[in-house]
Each structure stands twice: as structure tokens, then as C-alpha cells.
Amino acid sequence: TEAEVDDILHVVAEARAGEIGPVMARLQGQGVNPVTLTIMATRHFRTLYRIAANPGAPVWGVRDRDRAQRQARDWGAAKLETALGVLMDTDLTLRSAGQRAPALALVERAFIRLAMLGAQR
């Protein structure tokens, strides 16, 4: 499951919106928790933000440093701030008591928005 979560995070961070649906379907089939996905995505995008905001600093705790540096460079700090806001809003919506939409659909929609944001140059 962890490999699948990493897959969706890279798909989103690399702005490959067309691949989100199939990967999310596999994650749903495995019973991945939507809040967990949001937490992992926030962690990933926070790491990218740290890299983008401080380009010369060493990168720790990342499996594929070159890939993370490339993603951070492609996004830039300003877009990563926006992405973190989208993820925070999604997390708050998922945890709210009055939330009625399917949780995984909310996460998928947020991931698509992020991938489309990442594709903007």
C-alpha cells in the first residue's frame, strides 16, 4: 500500500492528472483511508516546499532526492503554498462532522486540482 501511496503522490506532483483515476481506484480497492492519503500528500508537498524555499539545503528523509528536487523546482514555492492550502482545506472537510460527499472522491478531486495547478507554467 505504501508503494501505491507514493505512486499517487508522484502522479500528482508531476502533474499527470490523467493517471489519478486509475491509481485512486487501486487505492480504494486496497481500502486506503482518505485522511491518510491527505496526510501523506501534505507531508510530501511540505517537503517539496522546503526544497523549493531553500534550494541549496540538503534534502533529508526523501527516497528519491533527484525526483523530489525536480518536482520542487517545477512547482516553485508559490504554487506549493497554494497546494498546501488545498490539502489543508481537504483535510478539514474530511474531518468535519457535516461532510456528506464520499471522502475518497473529495481527495481525488483535490489531487486532480493539484495536478492541474502543477501543470500551469
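What you see is a predicted model; the values in this text were computed from it and never measured. Any value given below was found using the heavy atoms of this structure, including those in side chains, with hydrogens, waters and symmetry copies removed.
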Colleague: If you compare all heavy atoms of Phe111 against all heavy atoms of Ala41, which two are closest, and at what distance to 0.1 Å?
Modeller: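 Where Phe111 meets Ala41 most closely, the heavy atoms are CE2-CB, 3.7 Å.
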Colleague: With sequence neighbours left out, write down each residue that passes side-chain contact (heavy atoms from CB on, under 4.5 Å) with Ala72, or none if nothing qualifies.
Modeller: Leu48, Ile51, Ala52
Colleague: So how far is it from Asp91 CG to Thr38 OG1, rounded to the nearest 0.5 Å?
Modeller: 5.5 Å
Colleague: Are Trp75 and Phe45 an aromatic pair, judged by ring center distance below 6.0 Å?
Modeller: yes
Colleague: Could you measure the distance from the CZ atom of Arg43 to the CE atom of Met40? Nearest 0.5 Å is fine.
Modeller: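 If we round to the nearest 0.5 Å, Arg43:CZ and Met40:CE are 5.0 Å apart.
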Colleague: Any link between Leu9 and Val59 through a network of hydrophobic side chains (Ile, Leu, Val, Met, Phe, Trp, Tyr) touching at under 4.5 Å?
Modeller: no
Colleague: Let's go through Trp60 and Arg65 carefully: what are the C-alpha distance in whole Å and the side-chain angles of both, what is the deciding distance for side-chain contact (heavy atoms from CB on, under 4.5 Å) to 0.1 Å, and is it a yes or a no?
Modeller: CA-CA 8 Å; Trp60 303 106; Arg65 287 187 181 127; 3.9 Å; yes
Colleague: Any link between Leu92 and Leu87 through a network of hydrophobic side chains (Ile, Leu, Val, Met, Phe, Trp, Tyr) touching at under 4.5 Å?
Modeller: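 Different hydrophobic clusters.
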Colleague: Considering non-hydrogen atoms only, spot the tightest contact between Ala68 and Val62 and give its length.
Modeller: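 Minimum heavy-atom contact is CB-CG1, 3.6 Å.
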Colleague: Identify whether the distance between the nearest side-chain nitrogen and carboxylate oxygen of Asp74 and Arg70 falls below 4.0 Å.
Modeller: no
Colleague: Determine, using the 4.5 Å side-chain heavy-atom cutoff (strictly less than), whether Val5 and Ile20 are members of one ILVMFWY cluster.
Modeller: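 Yes; tracing contacts between hydrophobic side chains, which count when under 4.5 Å, links both residues.
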Colleague: Test side-chain contact (heavy atoms from CB on, under 4.5 Å) on Met88 and Thr42; report intermediate values, then the result.
Modeller: CA-CA 8 Å; Met88 186 181 306; Thr42 301; over 6 Å; no
Colleague: Tell me the closest heavy-atom pair linking Ala15 and Ala115, and the distance in Å.
Modeller: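 Heavy atoms only, the tightest pair is CB-O, 3.3 Å.
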Colleague: Main chain of Leu114, side chain of Lys79: is a donor-acceptor contact present, judged purely on distance under 3.5 Å?
Modeller: no
Colleague: How many angstroms lie between CZ in Arg16 and NE2 in His10, if you round to the nearest 0.5 Å?
Modeller: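 One finds 9.0 Å between CZ of Arg16 and NE2 of His10.
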Colleague: So, Thr36 side chain and Val32 main chain: donor-acceptor pair closer than 3.5 Å or not?
Modeller: no
Colleague: Drop me the distance from Gln28's CD to Leu37's CG, to the nearest 0.5 angstrom.
Modeller: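 With rounding to 0.5 Å, CD (Gln28) is 10.5 Å from CG (Leu37).
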Colleague: Evaluate the side-chain proximity of Arg67 to Glu14: yes if any heavy-atom separation is below 4.5 Å, no if none is.
Modeller: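 In contact.
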Colleague: Going from CG on Leu94 to CG on Leu104, what distance comes out if it is rounded to the nearest 0.5 angstrom?
Modeller: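 Answer rounded to 0.5 Å: 9.0 Å.
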Colleague: Might you point out which heavy atoms bring Ala110 and Thr90 nearest each other, and give the distance in Å?
Modeller: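 Smallest heavy-atom distance, with atoms named: CB-OG1, 3.3 Å.
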Colleague: List for me each residue that meets salt bridge (Lys or Arg N to Asp or Glu O under 4.0 Å) alongside Arg26, sequence neighbours excluded, and say none if there are none.
Modeller: Glu4
Colleague: Strictly below 4.0 Å, N to O, side chains only: are Arg63 and Asp6 in salt-bridge contact?
Modeller: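 So Arg63 pairs with Asp6 through a salt bridge.
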Colleague: Just verifying a value: how many Å separate Leu84 CG and Asp89 CG, rounded to the nearest 0.5 Å?
Modeller: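 So the CG of Leu84 and the CG of Asp89 are separated by 11.0 Å.
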